[in-house]
Amino acid sequence: MTQLVHNQADLREALDEAPAVLVPTMGALHDGHRALIEVARDWAKAQGDHAKVVVSIFVNPFQFEDPADFENYPTDLITDTALATEWGADVIWAPATDDIYGLVKPEGDLRAGALGEVFEGVGRPGHFDGVLKAVGHLFAVVKPRAAVFGEKDFQQLVLVRRLAAQQSPPVEILPVVTQRDLDGVALSSRLVRLSKLGRTAVQAIPQALACGAAAAQQGSTPDGVIAAVLGELDSVAEVHPEYVAVVDDTMAAPSRPGSARILIAVTIEGVRIIDNEPIELAAV
Ligand code: AMP
């Protein structure tokens, strides 16, 4: 039976020292989160019967630079609890801010450093420090053996991998490919803020990523890939690109052919949307 807990004492009792796999979320659960919980479930199953899937639901105030964005973040604990239960959570941990911070000492370096100042970090100063602060404290409280994160937030995934490696013992990170709607749009809690027109305009993002991937396949350099993506986005007036980049697994500019990733951030009707796509570069 799934248990909903709020404070650390109840969490500890629910876990009963079982090995845990953690799925951190900010609630407003959708099918993207479902895939994460299913990966956690599979991991738990592979450990034997006693391992537990912990889904945390915590809207972390420290990763919002805009207080209005934090205030407007959709929250519905009743629906989220029902969904996480249906998808396989053993424990749902919905702490108050005071239940996370101050009570435990996190391990590792919670500063994002230079990697927190590029791409998503440019327009959102302090965002990744806020993310690492939350994840570090979640790790310290739950002490998970493994944790599940989506590739949708690629820069976050790279930073979290670094922090996970600094835990003792290290936390295994299980990445999950981006889950998409039927029209290719990456599932996101922010999509509900768009009008019908805006929701249609978002389709330009997966289309542009596909153009970039095709350009890479035809031998384009990263600059050529970026031009292909921007060219496709240009045709949709509602889409305002913030950045398009091609990076390697460490978020650096690719120095050799091989696997890389297109990163994209746009604004549509004032809503920021990010996405990315793995590609194979034939040339740099
Ligand atoms: P959030 O609740 O938006 O903070 O996201 C919680 C986790 O779900 C993060 O690891 C995200 O990367 C992941 N996630 C969000 N949307 C998707 C998606 N469409 N596909 C895969 N993972 C996702």
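Just so you know, ligand 1 is whichever comes first in the structure, and atom 1 is the first atom listed for that ligand.
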Between Ile264 and Val229, is a side-chain contact (heavy atoms from CB on, under 4.5 Å) present by the stated rule, with each step listed?
CA-CA 9 Å; Ile264 189 168; Val229 172; 3.9 Å; yes

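- For ligand 1, the polar-atom distance check finds no N/O of Thr178 at less than 3.5 Å from any of the ligand's N/O atoms.
- Looking at Pro24 against ligand 1, only its backbone comes within 4.0 Å, counting heavy atoms.
- Within 6.0 Å of atom CD in Glu107, more than 12 heavy atoms from other residues, nucleotides or ligands are found, so the atom counts as buried in its surroundings.
- For the ligand labelled ligand 1, residue Val177 lies inside the 4.0 Å heavy-atom shell.
- Counted by atom type alone, Asp31 and Gln179 present zero donor-acceptor pairs between their side chains at under 3.5 Å.
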side-chain hydrogen bond (donor to acceptor under 3.5 Å, both in side chains) between Tyr73 and Asn60: does it pass, once the steps are laid out?
CA-CA 10 Å; Tyr73 203 85; Asn60 171 34; over 6 Å; no

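- Taking the six-membered ring where the residue is Trp, the centroids of Phe62 and Tyr101 are separated by under 6.0 Å.
- When only interatomic distances are considered, the shortest N/O to N/O separation between Phe149 and ligand 1 does not fall below 3.5 Å.
- In terms of N/O distances under 3.5 Å, ligand 1 is not approached by Val148.
- In terms of protein heavy-atom proximity, atom 20 (N) of ligand 1 is closest to Gln179 N, 2.8 Å.
- Closest to atom 4 (O) of ligand 1, if we only count protein heavy atoms, is Met26 CG, 3.6 Å.
- If you check which protein heavy atom lies closest to atom 10 (O) of ligand 1, you get Gly150 N, 2.9 Å.
- With a 4.0 Å heavy-atom cut-off, ligand 1 is reached by no atom of Arg180.
- Residues Ala35 and Val176 come closest through the heavy atom pair CB-CG1, 4.0 Å.
- Looking at ligand 1, you won't find any N or O of Ser188 less than 3.5 Å from one of its N or O atoms.
- At a threshold of 4.0 Å, the pair Arg180-Asp275 counts as salt-bridged, since one of the basic side-chain nitrogens sits closer than that to a carboxylate oxygen.
- Interface of Asp153 with ligand 1, defined as ligand atoms under 4.0 Å from a residue heavy atom, comprises 11 (C), 12 (O).
- Residue Asp90 is tested with Lys52, Arg41, Gln3 for a side-chain hydrogen bond (donor to acceptor under 3.5 Å, both in side chains); the sole match is Arg41.
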Are Gln8 and Trp93 close enough, and set up right, to give a side-chain hydrogen bond (donor to acceptor under 3.5 Å, both in side chains), and what steps lead you there?
CA-CA 9 Å; Gln8 287 191 29; Trp93 182 37; over 6 Å; no

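- Residue Arg12 places its CZ atom among more than 12 non-hydrogen atoms of other residues, nucleotides or ligands, all under 6.0 Å distant.
- Here the shortest heavy-atom distance to atom 5 (O) of ligand 1, taken over His33, Arg34, His30, belongs to His33.
- Remark: among candidates Thr25, Leu36, Leu29, the nearest residue to atom 7 (C) of ligand 1 is Leu36, based on non-hydrogen atoms.
- Contacts with ligand 1 closer than 4.0 Å are made by no heavy atom of Glu151, backbone or side chain.
- Here is the list of ligand 1 atoms found below 4.0 Å of a heavy atom in Leu187: 16 (N), 17 (C), 18 (C), 19 (N).
- Here's the thing with Ala186: none of its N/O atoms is less than 3.5 angstrom from an N/O atom of ligand 1.
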